[in-house]
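These notes concern the structure reproduced below.
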Amino acid sequence: QVHVVESGGGLVQAGGSLRLSCAASGRTFSTYGMGWFRQASGKEREFVATISSSGAWTSYSDSVRGRFTISRDNAKSTMWLQMNSLKPEDTAIYYCAVGGYSRDPGQYDYWGQGTQVSVSS
């Protein structure tokens with residue numbers, strides 16, 4: 001079992017930045033691909049970014065590419081999502097997912113409880 005905890009959400013003005021963190025327990029952290037998803041009010045959960053187990057490979061949704069950066073440190077069992085140039089449409093609950101390198105949420109085995117990101121105009 002892997003316990004996943006996100007942190008770093010908050011309220012920020014448009015154009016600002018936030019850095020989300022995801023800490024995952026377990027000795028096999030370095031063997032898992034990981035990802036970030038988000039869900040805005042009244043909308044379905046959508047893919048944001050994913051990173052391979054080694055960190056060598058990343059992939060982003062078109063809506064965040066060039067503004068967001070996903071990274072990880074396996075020695076610290078932590079993954080991050082650096083979010084720059086935030087827009088009001090980035091407002092959502094952001095979820096950390098563990099267990100896959102995929103845009104499909106069904107490919108992930110473990111999820112965090114989510115952290116709220118709100119961007120004001």
Side-chain angles (χ1 to χ4, degrees):
Q1 187 71 17
V2 176
H3 186 53
V4 182
V5 179
E6 305 99 333
S7 61
L11 174 64
V12 65
Q13 289 188 332
S17 298
L18 281 175
R19 189 190 196 200
L20 304 184
S21 298
C22 173
S25 65
R27 297 181 179 179
T28 57
F29 178 88
S30 63
T31 67
Y32 291 115
M34 301 180 70
W36 288 99
F37 291 77
R38 67 187 182 186
Q39 187 166 17
S41 180
K43 296 187 177 181
E44 294 186 353
R45 189 170 298 191
E46 67 170 352
F47 167 76
V48 175
T50 186
I51 188 166
S52 63
S53 57
S54 68
W57 301 97
T58 59
S59 180
Y60 298 90
S61 69
D62 290 343
S63 61
V64 308
R65 186 178 297 111
R67 299 188 298 122
F68 291 10
T69 301
I70 189 172
S71 61
R72 67 189 292 166
D73 185 336
N74 287 342
K76 297 180 179 179
S77 297
T78 303
M79 175 181 69
W80 297 275
L81 184 69
Q82 178 67 43
M83 305 185 295
N84 299 328
S85 303
L86 282 161
K87 305 175 181 180
E89 51 263 43
D90 294 317
T91 295
I93 299 174
Y94 283 70
Y95 296 92
C96 172
V98 178
Y101 176 65
S102 174
R103 295 170 175 246
D104 179 3
Q107 298 300 311
Y108 294 83
D109 301 310
Y110 307 101
W111 292 80
Q113 80 290 347
T115 185
Q116 177 70 49
V117 171
S118 299
V119 184
S120 62
S121 58

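Not measured: the values here are computed from a predicted model. Index from 1, following the sequence. FYI, side chains are in, hydrogens and waters are out, and symmetry mates aren't considered; it's all heavy atoms of this structure.
At least one side-chain heavy atom of Gln116 sits less than 4.5 Å from a side-chain heavy atom of Thr91. Side-chain contact between Val119 and Lys87 is absent, with no heavy-atom pair separated by less than 4.5 Å. In this structure, the side chains of Val64 and Arg38 come closer than 4.5 Å at one or more pairs of heavy atoms. In this structure the side chain of Ser61 never reaches within 4.5 angstrom of the side chain of Glu46, judged on heavy atoms. In this structure, Tyr95 and Val48 have side chains that are not in contact, with every pair of non-hydrogen atoms separated by 4.5 Å or more. Side chains of Arg103 and Ser59 form a contact here, defined as non-hydrogen atoms less than 4.5 Å apart. Between Met83 and Asp90, the closest side-chain pair of non-hydrogen atoms is not below 4.5 Å. Counting heavy atoms from C-beta outward, Ser53 and Tyr32 have side chains that stay 4.5 Å or more apart.
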Test log, rule side chain to side chain contact (heavy atoms under 4.5 Å, CB included), inputs Leu20 and Phe68: CA-CA 11 Å; Leu20 304 184; Phe68 291 10; over 6 Å; no
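When atom types are taken as modelled, the side chain of Thr58 and the backbone of Ile51 share no donor-acceptor pair closer than 3.5 angstrom. Of the possible donor and acceptor atoms, none in the side chain of Ser25 sits under 3.5 Å from a partner among the backbone N and O of Val2. Not a single donor-acceptor pair under 3.5 Å links the side chain of Ser102 to the backbone N or O of Gly100.
Taking a cutoff of 4.0 Å between a charged side-chain nitrogen and a carboxylate oxygen, Arg65 and Asp62 qualify as a salt bridge.
Within 6.0 Å of CD in Gln113 there are more than 12 heavy atoms belonging to other residues, nucleotides or ligands.
Ser17 approaches Ser85 most closely through the heavy-atom pair OG-N, 4.4 Å. Closest approach of Ala24 to Val98, counting heavy atoms only: CB-CG2, 4.4 Å. Residues Trp80 and Ser21 share a closest heavy-atom pair of CD1-OG, 3.2 Å. Annotation for Lys76 and Thr78: closest pair O-OG1, 2.8 Å, computed over non-hydrogen atoms. Closest approach of Glu6 and Gly114 over heavy atoms only: OE1-N, 2.9 Å. Heavy atoms only, all atoms of each residue included: Arg72 and Ser30 are closest at NH2-CA, 4.2 Å.
Between Phe47 and the options Phe37, Tyr94, Trp36, a ring-ring contact (aromatic ring centres under 6.0 Å, His included) holds for only Phe37.
Both Tyr110 and Leu81 belong to a single network of hydrophobic side chains, linked directly or stepwise wherever heavy atoms of I, L, V, M, F, W or Y lie under 4.5 Å apart. A single hydrophobic cluster is not seen to contain both Val4 and Tyr108; linkage of ILVMFWY side chains at heavy-atom distances under 4.5 Å, directly or through other members, places them apart.
Cation-pi contact between Arg67 and Tyr60: absent, since separation from the ring centre below 6.0 Å together with deviation from the ring axis within 45° is not met.
Annotation: the span from His3 atom NE2 to Ser77 atom OG amounts to 13.0 Å, rounded to 0.5 Å.
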